[in-house]
2 protein chains.
Amino acid sequence: MSTATLPSATLPSDALAQRLADSGLRSTPQREVIYDVLLKKRDHPTADEVFARVKSELPTVSLATVYNCLETLVSCQLVRAVNFERGPTRYCPNLSPHAHFHDEQSGQTHDIELPPALLKKVHAVLPRGYDATSVEIIFRGKATRSSEQRAASSQPTRS
Amino acid sequence: MSTATLPSATLPSDALAQRLADSGLRSTPQREVIYDVLLKKRDHPTADEVFARVKSELPTVSLATVYNCLETLVSCQLVRAVNFERGPTRYCPNLSPHAHFHDEQSGQTHDIELPPALLKKVHAVLPRGYDATSVEIIFRGKATRSSEQRAASSQPTRS
DNA sequence: ATCATAGTTTGGAATGGTTCTAAATAGCAC
DNA sequence: GTGCTATTTAGAACCATTCCAAACTATGAT
């Protein structure tokens with residue numbers, strides 16, 4: 001029903017409901033809110049951070065549910081899980097091929113767009129016999145101008 | 001002193017003693033055995049696996065020591081720590097720039113040599129303001145011919 | 001050699017992120 | 001509505017890792 005056959009991949013909730021349905025899963029308030037939270041602030045939050053953000057909307061949500069839902073979203077291909085070193089897993093709703101830059105000063109994570117051509121070259125280093133389904137590229141270092149400054153251009157002193 | 005000014009970077013124990021000394025650290029039996037264990041079987045073992053291998057030589061070693069020593073080796077730049085997803089950290093004495101291929105069938109990890117030219121291209125995707133000190137490239141997929149077959153039929157493991 | 005001192009190792013306790021479990025709840029098909 | 005299955009929940013369990021305080025070891029000064 002509703003928007004019918006439109007390829008409405010841009011409407012968060014619909015996209016979610018769609019993808020869930022495709023996997024034979026239900027759309028639930030928890031899943032929707034968690035996905036919205038990821039879309040709203042794309043700062044690669046941890047499960048704990050998502051938990052905190054979701055609680056204001058869904059006060060009785062449990063941490064287990066947050067883990068469950070995030071895992072569900074990952075398995076539906078709506079969200080990517082990223083791991084840095086030993087730190088907690090972070091979640092990111094950016095689906096286009098991208099690398100991650102981990103700023104060691106601020107702890108922040110930035111998406112770095114990856115041109116298809118480069119991706120292809122990267123894959124090309126694999127010898128025969130290696131069949132990769134995915135690549136993860138993680139930079140570590142410092143961002144001399146953080147993405148906030150970049151975006152807002154007038155940030156007061158970072159802690 | 002002793003072997004004097006020879007750049008004997010190829011002799012495991014000496015290289016170790018040297019690097020440790022450079023950092024003002026002592027060469028200990030535990031550190032030597034642990035480093036040897038990493039050099040002997042380059043299958044990216046976890047701390048637990050290293051622990052098991054070291055025990056046969058140094059039966060009273062403790063797991064904490066294994067963690068300590070591995071961390072020491074990493075900080076001396078003799079060993080690289082690699083993380084896959086949420087799994088335990090794995091250790092690798094291959095210092096040349098390389099990516100990792102994580103075989104999801106066997107759970108094995110293979111080193112993939114990275115040509116400097118590619119590395120440069122990868123770094124080049126970083127916008128101004130991003131200053132990376134390291135890149136980690138991790139492939140995931142299946143290796144149709146395992147590294148054993150590969151190694152048995154060609155290259156010995158040592159660089 | 002002897003002692004002091006700093007570097008190391010050790011076992012066990014503690015931590016932190018994540019997963020598991022069993023029971024409660026909610027949504028859909030009939 | 002009734003029954004069935006998916007989902008959520010709270011809390012326990014888990015596992016890799018780190019922390020801690022005590023025992024040990026090497027080295028340098030005497």
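Reminder, nothing fancy here: chain letters follow the sequence lines and each chain counts from 1.
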Original post:
More than 12 foreign heavy atoms under 6.0 Å from CD of A:E104: is that the case here?
Top reply: yes
Original post:
Any donor-acceptor pair under 3.5 Å linking the side chain of A:R19 with the backbone of A:L73?
Top reply: no
Original post:
If you measure from the Lys or Arg side-chain nitrogens to the Asp or Glu carboxylate oxygens, is any gap between B:K41 and B:E49 under 4.0 Å?
Top reply: no
**OP:** Considering only NZ, NE, NH1 and NH2 on the basic side and carboxylate oxygens on the acidic side, decide whether B:D43 and B:R53 come within less than 4.0 Å.
**Re:** yes
**OP:** Can you tell me the distance, in whole Å, between the CG atom of B:L25 and the C1' atom of C:dA6?
**Re:** 12 Å
Original post:
Does A:T46 put a side-chain nitrogen or oxygen below 4.0 Å from OP1 or OP2 of C:dG17?
Top reply: no
Original post:
For A:R86 and D:dA16, is the shortest distance between a side-chain N/O and OP1 or OP2 below 4.0 Å?
Top reply: no
Original post:
Taking ILVMFWY side chains as joined if any heavy atoms are under 4.5 angstrom apart, and letting links pass through other members, which residues group with A:I138?
Top reply: A:V82, A:F84
**OP:** For B:E32 and D:dT25, give me the distance from atom CD to atom P, rounded to whole Å.
**Re:** 16 Å
Original post:
For DNA chain C, whose closest nucleotide is more 5', that of A:Y67 or that of B:T65?
Top reply: B:T65
**OP:** Please report, rounded to the nearest Å, how far the C1' atom of D:dT17 is from the CG atom of B:L70.
**Re:** 12 Å
Subject >> Near-strand residues of residues 49-62 of chain A, defined as heavy-atom separation under 4.0 angstrom from DNA chain C >> reply: none
Original post:
Roughly, in whole Å, what's the span from CD in A:E85 to P in D:dT17?
Top reply: 12 Å
Subject >> Nearest-Å distance for atom pair CD/P, residues A:E71 and D:dT7 >> reply: 13 Å
Subject >> Length of the line joining B:R90:CZ and D:dA16:P, which is rounded to integer Å >> reply: 10 Å
Give me the distances for all protein-to-nucleotides 20-30 of chain C N/O pairs that come in under 3.5 Å?
none

Original post:
With respect to the phosphate group of D:dT9, does any side-chain polar atom (N or O) of A:Q30 fall under 4.0 Å of OP1 or OP2?
Top reply: yes
